[in-house]
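Here the structure comes first, spelled out in structure tokens, and everything after it is commentary.
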There are 2 protein chains.
Amino acid sequence: MLTIGEFSRLTHLSVRTLRRYHGAALLEPAVVDETTGYRYYGVDQIPTAQVIHRLRELDVPLSDVQRILRTPDPGVRAALVAEHLQRLEDALDRTRAAVVSLRRLLRPDPAPIDVELRAEPARTVAAVEAVVGHRDIETWYAGAMAELEAAVVGDVTGPPGGSYDNALFEQERGHALVYLPSAAPPRTGRVHPVSLPAAELAVTTHVGEHDGIEVTYGELGTWVVENAMSVAGPVREVYVVGPRDTSDPAAWRTEIGWPVFRVT
Amino acid sequence: MLTIGEFSRLTHLSVRTLRRYHGAALLEPAVVDETTGYRYYGVDQIPTAQVIHRLRELDVPLSDVQRILRTPDPGVRAALVAEHLQRLEDALDRTRAAVVSLRRLLRPDPAPIDVELRAEPARTVAAVEAVVGHRDIETWYAGAMAELEAAVVGDVTGPPGGSYDNALFEQERGHALVYLPSAAPPRTGRVHPVSLPAAELAVTTHVGEHDGIEVTYGELGTWVVENAMSVAGPVREVYVVGPRDTSDPAAWRTEIGWPVFRVT
DNA sequence: CTGAACGTTCCCCCCAGGGGAGAGTCCACG
DNA sequence: CGTGGACTCTCCCCTGGGGGGAACGTTCAG
């Protein structure tokens with residue numbers, strides 16, 4: 001039996017942290033002295049402690065660590081871990097996007113932005129919608145678009161697009177809708193016909209991969225305000241040229257359309 | 001002038017967050033109505049808001065964001081940003097190490113560990129020591145070792161090594177010492193002669209890069225306890241084969257020596 | 001003029017710990 | 001056997017970067 005201090009030295013987890021893990025029912029000491037409350041650990045708990053330590057280094061929440069530890073099947077367990085590694089990859093992608101965006105922001109010579117004011121008529125498309133958290137958007141988008149492609153195969157009349165609550169770009173959750181234009185929108189699974197309302201949009205085109213698209217959003221916003229307008233309603237994006245069309249991200253063209261109304 | 005809600009939609013920062021940034025003196029509204037407390041922002045503040053947003057996505061602390069924003073010189077500012085990007089790279093390295101470590105931990109067939117009990121005599125070496133936080137160790141180590149190499153050039157009598165407080169492996173800060181053995185340890189800058197005390201060490205060798213060394217630590221710890229001993233004092237590492245000797249990390253050999261004493 | 005939408009402050013919550021106080025326990029040495 | 005120092009216990013507050021919601025004030029278009 002090892003005291004908490006010895007176990008701490010052996011696992012390189014601090015005493016405080018070990019106590020917290022006990023409290024969280026993550027790593028229960030082999031023996032707890034009933035009268036003194038002293039915790040005693042067994043050597044066989046060292047590997048478990050190390051697994052927890054590594055998972056925490058990967059920013060896996062304690063609740064998920066617990067779920068992983070309680071999974072007996074090594075295969076399922078490996079899958080859970082792989083899922084978190086995928087999450088890390090996604091985070092890395094976001095980091096890369098932020099770096100690109102930042103470089104563009106700090107560049108001294110901002111090119112003038114080309115904005116078109118467009119009256120968009122109402123139209124009906126094949127869509128998938130949901131209320132999602134902004135962290136889950138990319139995952140959700142991939143699934144929804146795959147389902148759309150499968151549902152309207154052979155009847156696509158234009159590039160895909162989406163409509164996103166402004167809240168989605170912040171920390172919160174909001175309504176998201178992705179669509180494929182189709183002559184006869186089907187109703188299968190999550191796919192159903194949706195009527196996009198008419199709107200007056202300020203439209204600009206972001207060229208290249210999505211990294212740095214936020215900068216374009218900012219420039220569009222500035223244009224809108226400087227032209228005595230204000231923004232309202234969900235943002236629309238049209239993936240004019242996207243991963244469906246070319247594997248070269250530099251050739252992608254994304255239309256950003258912001259519903260506006262004239263002030264003053 | 002934009003209300004906080006409009007500014008929020010334009011920058012994709014939540015209203016809450018904008019208020020917080022005001023409170024933190026990070027992004028002050030252009031105008032604050034004295035009587036109502038209403039915040040009003042200018043279009044020219046959009047780029048600043050975006051820079052903050054991107055930096056926060058890179059996990060730059062608000063205090064550092066503030067420092068970056070208040071730096072007028074673009075060159076110095078770029079250097080500050082680059083410093084944070086370097087920090088991200090380091091974090092990525094740690095993440096990779098944790099992944100390797102985790103894989104090794106979850107592997108079903110642990111190879112038996114080869115441990116040698118060794119009575120290490122006291123000896124004097126050229127050393128650099130400091131009290132550092134565990135996050136800064138790698139940076140500190142690189143600088144200290146460079147200084148050592150420069151100070152004892154031509155008089156190196158063995159592989160470099162280090163001695164690290166157990167606390168350093170946890171979340172806290174502790175004493176660290178790195179050394180190069182030398183016939184006549186010089187005293188230059190931070191480099192000075194240090195007498196390493198005699199100790200009985202349980203020694204094992206970690207092969208390959210440092211990724212996953214924590215697993216070896218755990219196995220060594222298990223060995224120590226199962227052989228009726230206990231650990232005491234700072235851990236010692238000897239970089240028998242390291243980056244000084246070969247650029248192939250797979251060939252690195254690191255001796256881990258843990259001061260032990262017999263219990264029973 | 002009125003009600004909806006928007007704004008304000010204030011307080012508590014989240015995570016995964018760190019710092020420290022005050023008190024109890026263990027054990028080796030004398 | 002006693003004692004002193006190292007160790008351990010619980011408890012409370014702190015961190016950072018927000019989110020949720022209450023209670024209340026302001027703005028502005030119909």
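Heavy atoms only: backbone and side chains are in, while hydrogens, waters and symmetry mates are out.
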Item to complete: Could you list the residues that satisfy salt bridge (charged side-chain N to carboxylate O under 4.0 Å, His left out) with B:R20, not counting sequence neighbours?
Response: none
Practice prompt. Scan A:R19 against the nucleic acid and name what it touches under 4.0 Å (heavy atoms): base, sugar-phosphate only, or nothing.
Written response: base
Item to complete: Let me know the distance between CE of B:M1 and P of C:dG7, rounded to the nearest Å.
Response: 15 Å
Practice prompt. Evaluate the side chain to side chain donor-acceptor pair (under 3.5 Å) criterion for residues B:R39 and B:T3: first the C-alpha distance (whole Å), next the side-chain angles of each, then the deciding distance (0.1 Å), finally the verdict.
Written response: CA-CA 6 Å; B:R39 299 165 175 86; B:T3 65; over 6 Å; no
Worksheet entry | B:H175-B:W140 aromatic ring centre distance below 6.0 Å | no
Worksheet item: Which residue, B:T3 or A:L62, contacts DNA chain C at a nucleotide closer to its 5' end, judged by nearest heavy atom?
Response: B:T3
Practice prompt. Kindly say if B:S63 contacts the phosphate of D:dG16, meaning a side-chain N or O under 4.0 Å from OP1 or OP2.
Written response: no
Worksheet item: How long is the line joining CG of B:N166 and P of D:dA6, in whole Å?
Response: 16 Å
Worksheet item: Does D:dT26 have OP1 or OP2 sitting under 4.0 Å from an N or O in the side chain of B:R39?
Response: no
Worksheet item: Atom OH of A:Y38 and atom C1' of D:dT8: how far apart are they, to the nearest Å?
Response: 4 Å
Worksheet item: Rounding to a whole Å, what distance do you find between B:R16:CZ and C:dT8:P?
Response: 12 Å
Worksheet item: Taking atom C1' of C:dG7 as reference, at what distance in whole Å does atom OH of B:Y41 sit?
Response: 12 Å
Discussion item. Check the phosphate of C:dT8 against B:T35, side-chain N and O only, distance under 4.0 Å to OP1 or OP2. Yes or no?
Written reply: no
Response to the item:
Taken to the nearest whole Å, NE2/A:H53 to P/C:dA16 is 14 Å
Worksheet, complete the sentence: Rounded to whole Å, the CG-C1' distance (A:L27 to C:dG17) equals 16 Å
Discussion item. Considering every strand and a 4.0 Å limit on heavy-atom distances, what is the contact class for B:Y21: base, sugar-phosphate, or nothing?
Written reply: sugar-phosphate
Worksheet entry | Selection residues 41-66 of chain B - residue pairs positive for salt bridge (Lys or Arg N to Asp or Glu O under 4.0 Å), sequence neighbours left out | A:E214-B:R54, B:R54-B:E57, B:D64-B:R67
Discussion item. With a 4.0 Å cutoff (strictly under), does any side-chain N or O of A:S14 reach OP1 or OP2 of C:dG17?
Written reply: no
Worksheet entry | Residue pair B:T216 / B:R104, side-chain donor-acceptor N/O under 3.5 Å | yes
Worksheet entry | Closest-nucleotide ordering on DNA chain D, the 5'-leading residue of B:D59 and A:I4 | A:I4
Worksheet item: For A:E6 and C:dC27, what is the distance between atoms CD and P respectively, to the nearest whole Å?
Response: 10 Å
Fill in: First encountered from the 5' end of DNA chain C, between A:R20 and A:D33
A:R20
